[in-house]
Amino acid sequence: MAVSKWTVEGEAMCPHRLVLEHVTSRWGVLVLIELNERSYRFSELRRAIGRVSEKMLTQTLQTLERDGLVHRDAKPVIPPRVDYSLTELGREAARLVSALGTWTEERMDDVVKSREVYDRART
């Protein structure tokens, strides 16, 4: 039986799947979509995303930076200034997740109707 590149092989997670998790995580998607518009300082990005803790945003940015999707530009000024932007690889990923975001907006009415039908059938 063939093993898909998306399945877990033993204890280690397949690298494709791990990157997919980073890009499609709750905060990863929102970071990519926001940074696709322009670069942000940390506090600006946190406000733009909303309801994300400082710790989670920091972890998400570090993960996406490690994967080569986000560029962190720390300027040696007082007070320190750090800007985040997308790399070319990050812009490509952002375009793809933005398309999925657009699809969810466009199809939300259908999803709501499906949920109502499903819930009625279960009660």
Side-chain angles (χ1 to χ4, degrees):
M1 174 181 226
V3 176
S4 166
K5 64 184 174 187
W6 304 109
T7 61
V8 177
E9 298 171 359
E11 293 296 314
M13 185 173 286
C14 179
H16 303 93
R17 185 172 169 176
L18 191 56
V19 172
L20 185 63
E21 277 191 22
H22 297 165
V23 170
T24 62
S25 71
R26 177 179 185 179
W27 304 116
V29 167
L30 297 175
V31 164
L32 290 170
I33 288 172
E34 285 299 327
L35 289 178
N36 199 33
E37 298 298 318
R38 64 179 180 89
S39 65
Y40 280 89
R41 294 180 74 178
F42 183 88
S43 56
E44 291 178 309
L45 184 59
R46 187 169 177 217
R47 279 191 301 275
I49 291 173
R51 295 178 32 196
V52 59
S53 71
E54 187 173 317
K55 178 182 177 183
M56 281 308 306
L57 182 55
T58 297
Q59 288 176 348
T60 301
L61 287 166
Q62 287 173 342
T63 299
L64 295 174
E65 182 183 7
R66 183 171 184 254
D67 287 344
L69 305 176
V70 167
H71 174 71
R72 181 181 185 271
D73 183 22
K75 294 180 176 42
V77 295
I78 298 175
R81 180 183 171 109
V82 179
D83 292 300
Y84 294 91
S85 59
L86 294 178
T87 64
E88 185 56 41
L89 191 62
R91 283 190 288 279
E92 185 179 343
R95 283 191 294 272
L96 294 168
V97 296
S98 293
L100 182 59
T102 299
W103 176 85
T104 60
E105 288 176 27
E106 292 172 353
R107 302 302 293 211
M108 197 61 214
D109 288 343
D110 295 319
V111 171
V112 169
K113 289 174 190 170
S114 294
R115 287 177 178 175
E116 290 169 352
V117 168
Y118 179 92
D119 291 345
R120 274 195 305 274
R122 301 290 180 277
T123 56

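Source: prediction; values computed, not measured. Atom set for the values below is all heavy atoms of this structure, side chains included, hydrogens, waters and symmetry mates excluded.
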Exercise. Near Arg41 CZ, under 6.0 Å, is it more than 12 heavy atoms from other residues, nucleotides or ligands?
Worked result: yes
For this session: State the OG-CG distance between Ser25 and Leu20, to the nearest 0.5 angstrom.
Result: 10.0 Å
For this session: Can you see which heavy atom on Ala93 is nearest to which on Leu32, and at what distance?
Result: CB-CD1, 4.4 Å
Exercise. Cation over ring, Arg38 on Tyr40, under 6.0 Å and within 45°?
Worked result: yes
Exercise. Looking at CG of Leu100 and OG1 of Thr24, how far apart are the two atoms once the value is rounded to the nearest 0.5 Å?
Worked result: 9.0 Å
For this session: Taking only Lys NZ, Arg NE, NH1 and NH2, and the carboxylate oxygens of Asp or Glu, determine whether Glu116 and Lys113 approach each other closer than 4.0 Å.
Result: no
Problem set entry | Hydrophobic cluster of Val112, others only, ordered by chain and residue number, side-chain cut-off 4.5 Å | Met108, Val111
Problem set entry | Full working for salt bridge (charged side-chain N to carboxylate O under 4.0 Å, His left out) between Arg47 and Glu44 | CA-CA 5 Å; Arg47 279 191 301 275; Glu44 291 178 309; 5.3 Å; no
Exercise. Any link between Val82 and Leu69 through a network of hydrophobic side chains (Ile, Leu, Val, Met, Phe, Trp, Tyr) touching at under 4.5 Å?
Worked result: yes
Exercise. Quick one: CE on Met56 to CZ on Arg26, what's the gap to the nearest 0.5 Å?
Worked result: 8.5 Å
Exercise. Which residue pairs pass the salt bridge (Lys or Arg N to Asp or Glu O under 4.0 Å) test with at least one member in residues 70-85, sequence neighbours excluded?
Worked result: Asp73-Lys75, Lys75-Asp83, Arg81-Asp83
For this session: Would you name the heavy atoms of Arg51 and Trp27 that are closest together and state the gap between them?
Result: O-CH2, 3.2 Å
Seminar exercise, completed: All heavy atoms of Gly68 vs all of Leu89, minimum pair found to be O-CB, 3.8 Å
Exercise. Looking only at heavy atoms, which two atoms of Ile33 and Ser98 are closest? And how far apart?
Worked result: CG1-OG, 3.6 Å
Exercise. Taking all non-hydrogen atoms of both residues, which atom of Val52 and which atom of Ile49 are closest, and how far apart?
Worked result: CG1-CG2, 3.9 Å
Problem set entry | Close side-chain approach of Val70 and Tyr84, heavy atoms under 4.5 Å | yes
For this session: Measure the spacing between CZ of Arg122 and CG of Asp119 and express it to the nearest 0.5 Å.
Result: 8.5 Å
For this session: Hey, could you give me the CG/CG distance between Leu35 and Leu30, rounded to the nearest 0.5 Å?
Result: 11.0 Å
Problem set entry | Identified side chain to side chain contact (heavy atoms under 4.5 Å, CB included) partner of Val31 from the options Val23, Leu57, Val97 | Leu57
For this session: Please round to the nearest 0.5 Å and tell me the distance separating atom OG1 of Thr123 and atom CZ of Arg120.
Result: 8.5 Å
